[in-house]
Amino acid sequence: MTQINPEIKTLIENQIKDHAVLLYMKGTPQFPQCGFSARAVEVLTQIGRPFAFVNILENPEIRSTLPLIANWPTFPQLWVNGELIGGSDIILQMYQAGELKPLIEEHSPEV
């Protein structure tokens, strides 16, 4: 079993706690580095509320540790109010079903 670095675990837990809507992604919202991250950003941008992001390509320790903590192997990962929502397919499905927008709006204030 892979050892989890306690400092990285605490960092991730604090990121999730400190940001009501948080996307762990490859790249940045302005320059996504994979199609799945780009799709997740596109959906969140359509909702029009601010969201935080972490570029996992710039932090390999988060990239390797988060899947162990979340029990979710892939990126992007959307976290809302401390809970893992899922990856880009789930994000898109929830958006199309009308479930994601009210969830994001509830936890992300208007700018």
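Scope of the values below: all heavy atoms of this structure, side chains included, with no hydrogens, waters or symmetry mates.
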Using a cut-off of 6.0 Å, state whether more than 12 heavy atoms not belonging to Phe36 lie near its atom CZ.
no
May I ask you to test the Glu13-Ile69 pair for a side-chain heavy-atom distance under 4.5 Å?
no
Phe75-Val80 co-clustered via ILVMFWY side chain contacts under 4.5 Å
yes
When rounded to the nearest 0.5 Å, the distance separating CD of Glu61 from CD1 of Ile8 is 4.0 Å
Ile91 and Ala40: which non-hydrogen atoms are nearest, and at how many Å?
CD1-CB, 3.8 Å
Of all the heavy-atom pairs spanning Asn55 and Leu57, show the shortest one and how long it is.
OD1-N, 2.9 Å
Please report the closest heavy-atom contact between His107 and Ala20, naming both atoms and the distance.
O-CB, 3.1 Å
Under the side chain to side chain contact (heavy atoms under 4.5 Å, CB included) rule, what do Val21 and Arg49 come out as? Steps first, then yes or no, please.
CA-CA 9 Å; Val21 180; Arg49 294 291 176 91; over 6 Å; no
Partner residues of Asn14 under the side chain to side chain contact (heavy atoms under 4.5 Å, CB included) criterion, sequence neighbours left out
Thr10, Lys17, Asp18
One should read off an interatomic distance between Thr28 OG1 and Phe53 CZ, to the nearest 0.5 angstrom, of 5.5 Å
Can a donor-acceptor pair be found, under 3.5 Å and without considering hydrogens, that links the side chain of Ser64 to the backbone of Pro60?
yes
Ser108 side chain vs Ile104 backbone, donor-acceptor pair below 3.5 Å:
no
Could you measure the distance from the CD atom of Gln93 to the CG atom of Leu100? Nearest 0.5 Å is fine.
11.5 Å
Give, for atom OG1 of Thr65 and atom NZ of Lys9, the distance between the pair rounded to the nearest 0.5 Å.
10.5 Å
With distance as the sole test, does Arg39 use its side chain to make a donor-acceptor pair with the main-chain N or O of Ser88 at under 3.5 Å?
no
Non-hydrogen side-chain atoms of Met25 and Val54 separated by less than 4.5 Å:
no
Measure the spacing between CZ of Phe31 and NZ of Lys26 and express it to the nearest 0.5 Å.
14.5 Å
Minimum heavy-atom separation for Gly87 to Trp72, with atom names?
N-CZ2, 3.5 Å
CG of Asn5 to CD of Gln3: how many Å apart, nearest 0.5 Å?
9.5 Å
Over all atoms of both residues, closest heavy-atom pair of Pro50 and Pro109
CD-O, 3.3 Å
side-chain contact (heavy atoms from CB on, under 4.5 Å) test vs Tyr24 passes for just one of Asn59, Leu78, Ile12, namely Ile12
Audit row: Ile47, Tyr95, side chain to side chain contact (heavy atoms under 4.5 Å, CB included) steps and yes/no:
CA-CA 9 Å; Ile47 292 171; Tyr95 179 70; 3.7 Å; yes
Are the side chains of Glu42 and Leu92 in touch, meaning some heavy atoms are under 4.5 Å apart?
no
Heavy-atom nearest pair, Met94 first then Ile85, reads SD-CG2, 3.4 Å
